[in-house]
Structure formats: C-alpha cells, structure tokens
Amino acid sequence: PSPLPSSSSPALPEVPPIPCHVHCGEVVNGRCGCGQGKTEAYFFPPLDVPPYNLQLGPVKTRLGLQSHITREEVLKALEQFGHYDDLYSLLSVYEIHPWETWHIEEKVIHAPGPWVTFEIQLPQDDYNMLAWQLGQPLNEPELRNIKDVHQLKGLSHEEALLQGAINWEMNLAGDFKERWWHLCEVLCEGPWGRQVRLFYHSFYGEGFVVKALQSFTRPVDSRPYAGIAWSGVGTVNGQDLDCTAELMKEFLVTPNHSLEICNTAKSGDLIILTVFPLVAKGSV
C-alpha cells in the first residue's frame, strides 16, 4: 500500500477532509459502543452569496463504505492508521452541492468534505478516529500515542474497533444515498421568496430565503427554535438582524410565537437557517 497524495499534489487537487471517524458511544472497560453514539446531520448552505462570495470547484465528501468493500480491507486499513490513507479510498465519495442535506447515524464512517456546514447533532462528543489526516503520515513515537488516544481509546486491538464501532450493514447499504441524502424540499414559496426543509429523520430545521424589501410570517408553533442569519440584513419580529454583526445574527423564537421576517435591503436575499428540537427517532 502507499499513502494517497497530499492536498498539494496535482493527482488529488482537494483540500483534505475531516479525518475518517465514527461515533459509536464511549469505550468503557475495553468495550466499544457503550451507550448511544452521536447522530448528526449536515446542511450545505450556498457560498456564492454575501459576505462569503465564494465560487468553489468540486468538493468531495466521503460517507459510508463502497458496497463491495470487505471486512478484511477495513481491518487492514485500521491497522495502517497513521502510516497509509487506504481507508479514504474505501469510502463512498459524493460531490457537495448547496441546498442539500445528509443525515449520519451512529456507527457510520464519515470524512466530511471542506464545505462550510450548518450542522446539528446530539449533545455529546464521542468519537473514534479511524484514519489520520489525509496525506499527513505520522512517525513514531507520536503515532502510537495518537493511535491509542484517538483511535483505539482503550480497546486492545483493531478487531474490537471493527466489531463494536462500525454498523456494517448500514455502511454498505445499496440505498445509502437514497435513504440519508435529501435535496431540501420547498415547503412554501411565493413572490416573497421560499421556505425549505433543512433536516430529516431525528432532526428538523427550516431555511428561509426572503427577497429584497419582502416579508414572510411563519405561523405560531408550539416548539421553540433557534435561528441565524446566513446572508443579508433585515428584522425578525421587529429586531434587527445582520449576518455580519456578531451580536445581531442569532435569535430564539419561544413557544407559541410566530416569526415575522423582513428583508430591509434594496437588493439581495435575506437567508435564515433554523433548528428545532429533536423529533422521534426514525421519523421522516
């Protein structure tokens, strides 16, 4: 085996992703998967809007395993932690586009790509890093220490990690993308703009794109929810909102209140992203 080219190599012209890892719960007394692992979801917002104004080329994200991959291949890659980047080549590769969303269940291997991401997750931080940083091999003695602290985390060997940390069937499922990827559906639209759904399954959120000098009111909801201005300026329930002002870009809507969004700019959209409380696991 050989290391994959680094991000500076013309053979792999990409910014390295977050290293391959999995959330399987805590390792306790040498046993993996104690308690529920962290579930999370990603929404990819548009980056070609102010104040970012970015035009990115193709950006890859690696989620789940390719359907033909064997346990032996994954085990060998785990054993090569810090020496080689083989595990990255075993994962399924998808291109990131704005207004798309992914849901990642516990025990699913993932190496998220370098796109600014609006992420929601369970309030915990368990992880097992399965591969080191792409194109950055480690040397002894730091390799052994990093492997023990970030990959094995109390496990005696890689086989125990493979058995306890990875949901094999879910990672190799032929309908992986069909099940866990979503193009954000439009919930409501009109001359004012549009309202879209950001998250699915056990998470829920909505996005609002309000056109210049337009307004939209979301009806009363029994749930509280939080929001942030991603792009533009305006008001929410009469309070100033500005995506570039640290103290004026976030807000909270308390239960049993509506949300009135006004874009006060003469040009450009006001884009708002919101997150709601957890919903029942398994919901669509």
Side-chain angles (χ1 to χ4, degrees), residues 15 18 40-56 59 61 96-104 112-123 182-279:
V15 176
I18 296 174
E40 56 194 33
Y42 318 132
F43 164 70
F44 301 119
L47 300 180
D48 59 348
V49 296
Y52 322 101
N53 299 310
L54 296 176
Q55 296 287 344
L56 300 184
V59 177
T61 193
I96 294 176
H97 301 102
W99 301 107
E100 295 180 345
T101 180
W102 279 94
H103 182 91
I104 302 298
W115 186 287
V116 179
T117 304
F118 187 59
E119 179 175 341
I120 186 171
Q121 57 183 241
L122 293 181
H182 297 273
L183 179 64
C184 294
E185 66 178 298
V186 176
L187 302 175
C188 178
E189 63 182 333
W192 59 273
R194 67 186 187 276
Q195 173 191 16
V196 301
R197 182 170 180 175
L198 303 184
F199 301 113
Y200 296 76
H201 307 285
S202 53
F203 300 115
Y204 187 77
E206 295 177 359
F208 303 88
V209 181
V210 180
K211 296 180 180 180
L213 301 178
Q214 296 291 317
S215 63
F216 173 74
T217 299
R218 189 187 189 279
V220 169
D221 198 303
S222 61
R223 301 166 294 178
Y225 54 99
I228 185 170
W230 176 251
S231 180
V233 297
T235 63
V236 288
N237 291 348
Q239 301 297 311
D240 289 337
L241 195 67
D242 186 338
C243 72
T244 64
E246 200 63 35
L247 300 179
M248 296 171 58
K249 62 182 179 181
E250 298 181 16
F251 62 90
L252 174 68
V253 180
T254 53
N256 302 313
H257 285 83
S258 60
L259 173 65
E260 182 184 19
I261 305 170
C262 297
N263 184 342
T264 57
K266 294 182 179 179
S267 63
D269 294 334
L270 170 58
I271 302 176
I272 290 175
L273 311 176
T274 65
V275 290
F276 286 67
L278 285 169
V279 296

For the backbone of [Y] and the side chain of [X], can you confirm whether one donor and one acceptor N or O come within less than 3.5 Å of each other?
| X | Y | value |
| --- | --- | --- |
| R218 | V220 | no |
| D269 | S231 | no |
| T217 | E260 | no |
| T61 | G113 | yes |
| N263 | K211 | yes |

Does a side-chain heavy-atom distance below 4.5 Å link [X] with [Y]?
| X | Y | result |
| --- | --- | --- |
| I228 | W230 | no |
| L56 | W115 | yes |
| L259 | Y225 | yes |
| I271 | P46 | yes |
| L198 | T101 | no |
| F203 | L278 | yes |
| I272 | V236 | yes |
| P224 | T254 | no |

Rounded to the nearest 0.5 Å, how far apart are [atom1] of [X] and [atom2] of [Y]?
| X | Y | atom1 | atom2 | result |
| --- | --- | --- | --- | --- |
| T117 | I18 | OG1 | CD1 | 7.5 Å |
| T235 | D242 | OG1 | CG | 12.0 Å |
| E40 | I120 | CD | CD1 | 11.0 Å |

Exercise. Test side chain to side chain contact (heavy atoms under 4.5 Å, CB included) on V209 and W99 and set out the steps.
Key: CA-CA 11 Å; V209 181; W99 301 107; 3.6 Å; yes
Quiz item: Are F43 and W102 close enough that their ring centers fall under 6.0 Å?
Solution: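 Judged by ring-centre distance (under 6.0 Å), F43 and W102 do not meet the cut-off.
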Quiz prompt | Full working for side chain to side chain contact (heavy atoms under 4.5 Å, CB included) between F276 and D221 | solution = CA-CA 11 Å; F276 286 67; D221 198 303; 3.9 Å; yes
Quiz item: Can you list the steps and then say if S222 with N256 is a side chain to side chain contact (heavy atoms under 4.5 Å, CB included)?
Solution: CA-CA 5 Å; S222 61; N256 302 313; 4.0 Å; yes
Exercise. With side chain to side chain contact (heavy atoms under 4.5 Å, CB included) as the test, would you mind laying out the steps for R194 and F216 before giving the verdict?
Key: CA-CA 9 Å; R194 67 186 187 276; F216 173 74; over 6 Å; no
Quiz prompt | Minimum-distance pair of heavy atoms, taken over all atoms of R223 and P277 | solution =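 For R223 and P277, the tightest heavy-atom pair comes out as CB-CD, 4.2 Å.
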Quiz item: Which atoms form the tightest heavy-atom contact between A212 and A265, and what is the distance?
Solution: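 Shortest heavy-atom contact: CB-O, 3.4 Å.
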Practice problem: Could you label the plane-to-plane angle of the F44 and Y42 rings as parallel, tilted or perpendicular, counting under 30° as parallel and over 60° as perpendicular? | Solution: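 Correct class here is tilted.
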Practice problem: Could you label the plane-to-plane angle of the H201 and H103 rings as parallel, tilted or perpendicular, counting under 30° as parallel and over 60° as perpendicular? | Solution: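 Ring orientation, 0 to 90° scale: tilted.
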